[in-house]
Amino acid sequence: MKQTFNTDIATKYGVRSAVIVNIMIGFCRSAANCDDYKLEGKVFIPYFEIRRFASYMSSREFGIGLKSLINHNIIQIIIPKNMGNCYIFTDHAKELFSKKPIRIQIDWQ
């Protein structure tokens with residue numbers, strides 16, 4: 001499977017984390033107009049949705065990538081009703097990713 005990711009994010013947080021960010025951004029873009037994946041106006045991504053696109057990573061590798069993003073205040077865990085663990089980008093991530101050299105264009109809401 002071919003997976004793309006931002007090399008600046010990979011340099012700062014690791015390749016696994018960069019792949020997860022890329023998957024999450026893609027999901028945010030596709031779910032931007034879907035109220036099923038919004039909480040207080042913010043798009044959240046269920047664990048199983050991220051995992052489905054990174055099935056080639058072992059559970060351990062995937063967990064390391066998520067933990068790195070959480071520890072660096074890029075994502076946070078939320079648990080909406082009947083959904084299990086879900087993740088949203090933090091305000092810090094939105095600010096950080098909108099600056100050079102990373103500069104990712106996305107409608108975060």
Verify side-chain contact (heavy atoms from CB on, under 4.5 Å) between Asp8 and Tyr13, making sure each step is shown before the conclusion. CA-CA 9 Å; Asp8 291 321; Tyr13 309 110; over 6 Å; no

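Side chain of Arg51 to backbone of Pro46: no donor-acceptor contact under 3.5 angstrom is found. Side chain of Thr11 to backbone of Thr7: a donor-acceptor contact under 3.5 angstrom is found. Glu61 places a side-chain N or O within 3.5 Å of a backbone atom of Ser58 that can act as its donor or acceptor partner.
When the side chains of ILVMFWY residues are joined at heavy-atom separations under 4.5 Å, either directly or via intervening members, Leu39 and Phe48 end up in two distinct hydrophobic clusters.
Here the side chains of Phe5 and Val15 are in contact, with some heavy-atom distance below 4.5 Å. With a 4.5 Å cut-off on side-chain heavy atoms, Arg60 and Ile64 count as touching. Side-chain contact check for Asp91 versus Lys42: some heavy-atom pair is nearer than 4.5 Å.
Ring centers of Phe53 and Phe27: at least 6.0 Å apart, outside the cut-off.
Here the CG-CD1 distance, from Leu69 to Ile75, works out to 4.5 Å after rounding to the nearest 0.5 Å. Put simply, OH on Tyr47 and CE on Met83 are 14.5 Å apart, with the number rounded to the nearest 0.5 Å. Rounded to the nearest 0.5 Å, atoms CD1 (Ile74) and CD1 (Ile70) are 11.0 Å apart. Here Asn22 contributes atom CG and Asn6 contributes atom CG; the two are 8.5 Å apart, rounded to the nearest 0.5 Å. Remark: Lys38 NZ to Asn33 CG distance equals 6.0 Å, nearest 0.5 Å. Here the CD1 atom belonging to Ile20 is positioned 13.5 Å from the NZ atom belonging to Lys67, to the nearest 0.5 angstrom.
Closest heavy-atom contact between Val43 and Ile88: O-CG2, 3.4 Å. Taking all atoms of both residues into account, the shortest heavy-atom contact from Phe89 to Met24 is CZ-CB, 3.6 Å. Summarising the geometry of Cys28 relative to Ile45, their closest heavy-atom pair is SG-CD1, 3.7 Å, with the distance given to 0.1 Å. Among all heavy-atom pairs drawn from Gly65 and Ser17, the shortest one is O-OG, 2.9 Å. A pairwise comparison of heavy atoms in Thr90 and Asn73 identifies OG1-O, 2.5 Å as the closest pair. The nearest pair of heavy atoms linking Glu49 to Tyr37 is OE2-OH, 3.8 Å.
Seen from the ring of Phe62, Arg16 does not count as a face-on cation partner, given the 6.0 Å and 45° thresholds.
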